[in-house]
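One structure below.
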Amino acid sequence: MNKSMIEIRNVKKRFVIPHEKTDSLKVTLINLFRRKTFETFYAVDDISFEIKEGEFVGIIGRNGSGKSTLLKLLAGIYHPDSGEINIKGDISPFLELGVGFNGELSGRDNVYLYGAVLGLTKKEIDDKLKDILEFSELERFIDQKLKNYSSGMQVRLAFSVAIQSYAPIFLVDEALAVGDIKFQDKCYEVFRRFKKQGKTIILVSHDYNVMKQFCDKGILLENGKVIGQGKINTVVDKYLAMIKNEEKSGR
Amino acid sequence: MKNYWFLIKELSITDFKLRYNNSILGYLWSLLNPLLMFMLLYVVFSLIIRFDNIEYYQLYLLLGIILWTYFVEATTNGMTSMQYKSSLISKINFPKWIILVASNLTSLLSLILNLVVLVIFIIIAGIKPSWNLFFFAIFMLQLLLMALGVSFFLGAFYLKFRDIKHIWEVLLQIGFWATPIIYPVASIPAYLKDIIFLNPLANIITNSRNVIIYNVGFSPIETLITTIVIIIILVISILIFNKRSLRFAEEL
């Protein structure tokens, strides 16, 4: 049996939404003497699940169901209010491609900067630079400033760096494939390779065909709670049926 | 740990490169700012108001301004650095102190350039180097740790309370006049002296001048006490910062 890579138990994450955001001392001082008005809601409400090594898990749910908050909790960006998150091994977050990219720097400088942000060392990036350039097909432009790249070229470069991570766990938010169709095929190829290598991948997406094709397992979220998990096909069908039912009942 | 060091280096060098990006004079600006300030104050305080009782007044003033400028720049930029790197904080998990340390290192690069200029002035003034010079390293270390500690403290609260930036600007204005930067230490009335030298920066700047310009010693016990105070400030600030940093991603 594969060992468990991610184990989360009874995790809750609450957000306080003040009716007027207090980001200044004055407002906070005034509010000391006033009844505070705010709402709290649980973006992630008592979620538990386990993900085993080598599993490719899709997280499904409508907008605002807590998918992104859950990913940020797994990535360690947010801290849970209660519950436990156990993760074995490093995580490479794909929450946004090209975090920290700067248009005024050359493509090459951005590769090093982004690599550093993702936790690679200089030597590792030196070693992989050739692969990165080859994969991104941007050798010709690498010494130009990033602001002169098209947005497609920028994500291609970012994707090419991000897949170099040694981390055993990948968190992917809507970015399994980027660029034009030809480049997207290359991206899918990478994830097939990752799967073969036994990496654990958690994907959030609204592209259910891709999910059915890649994921083994699905987790369905609604209002911050897990309302279904199991085989990906079953979970996707359940979700689609749920949406359809609502449409029928004239929501 | 080695990964963190590479990240710190990348962040700080990138910021230094970008700061003077698209400007014709480029890195020279990091020298011009304190030098113009120095020239202005030198004109006022050597031609209009005179401090006759002070030897090498131009070096006295320049060293004070350079060290003070570092403190202002490091704490102001350090405090706001998390805001400017908000895209990193909201998308990737890594220790937040890295951003702040990188920001302080960027300021340190300017300080080093400025000290090179100071050395040129010292050579022109014909001051002979002495063994006392080595003690300057102690005071530099005090300055760096002090700026770091204050940056951590301010940075811990800045994302939640943006007013801190404006409060800090006012406090720095007061600090500029409450620290012997332009006026001679000898002209401070005795009853004020003890209060003024409670400020670690007053000690750091005065001691630096003594070992670099005047080739006189310093009090080891006072220096030790100052160092202890600075380390206490730093440790407390780091503890507060680390506790608060868990919430930074939500406060942005």
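Order of the sequence lines sets the chain letters (A, B, ...), proteins ahead of strands, with each chain counted from 1.
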Given a strict heavy-atom distance threshold of 4.5 Å, which part of [X] is in contact with chain B: side chain, backbone, both, or neither?
{"X": "A:K123", "answer": "neither"}
{"X": "A:L120", "answer": "backbone"}
{"X": "A:N102", "answer": "side chain"}

Give a yes or no on whether a salt bridge exists between [X] and [Y], defined as a side-chain N under 4.0 angstrom from a carboxylate O.
{"X": "B:K17", "Y": "A:D109", "value": "yes"}
{"X": "A:K13", "Y": "B:E250", "value": "yes"}
{"X": "A:D45", "Y": "A:K225", "value": "yes"}

Identify the residues of residues 84-95 of chain B whose heavy atoms come closer than 4.5 Å to a heavy atom of chain A, ordered by number, or report 'none'.
->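 Heavy-atom contacts from residues 84-95 of chain B to chain A are B:S87, B:L88, B:I89, B:S90, B:K91, B:I92, B:N93.
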Residue-level contacts of residues 225-248 of chain B with chain A, using a heavy-atom cutoff under 4.5 Å |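 Expected list: B:L246, B:R247.
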May I ask you to check whether A:F214 and A:F191 place their ring centres under 6.0 Å from each other?
->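 Centroid separation for A:F191 and A:F214: 6.0 Å or greater.
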Taking atom types as modelled and ignoring hydrogens, do the side chains of B:N77 and B:T106 form a donor-acceptor contact shorter than 3.5 angstrom?
->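 Note: B:N77 and B:T106 side chains miss the donor-acceptor criterion.
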Are there residues of residues 63-79 of chain A that reach to under 4.5 Å of chain B by heavy atoms, and which ones?
->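 Those residues of residues 63-79 of chain A which have a heavy atom under 4.5 Å from chain B are A:K72, A:A75, A:G76, A:I77, A:Y78, A:H79.
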Inter-chain contacts: residues 152-171 of chain A against chain B, heavy atoms under 4.5 Å |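 Listed by number: none.
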Quick one: of A:L105, A:D173, A:I91, who has the most non-hydrogen atom pairs under 4.5 Å with chain B?
->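 Ranked by contacts with chain B, first place is A:L105.
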To the nearest 0.5 Å, tell me how far A:E104 CD sits from A:L146 CG.
->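 Atom-to-atom, A:E104:CD and A:L146:CG are 10.0 Å apart.
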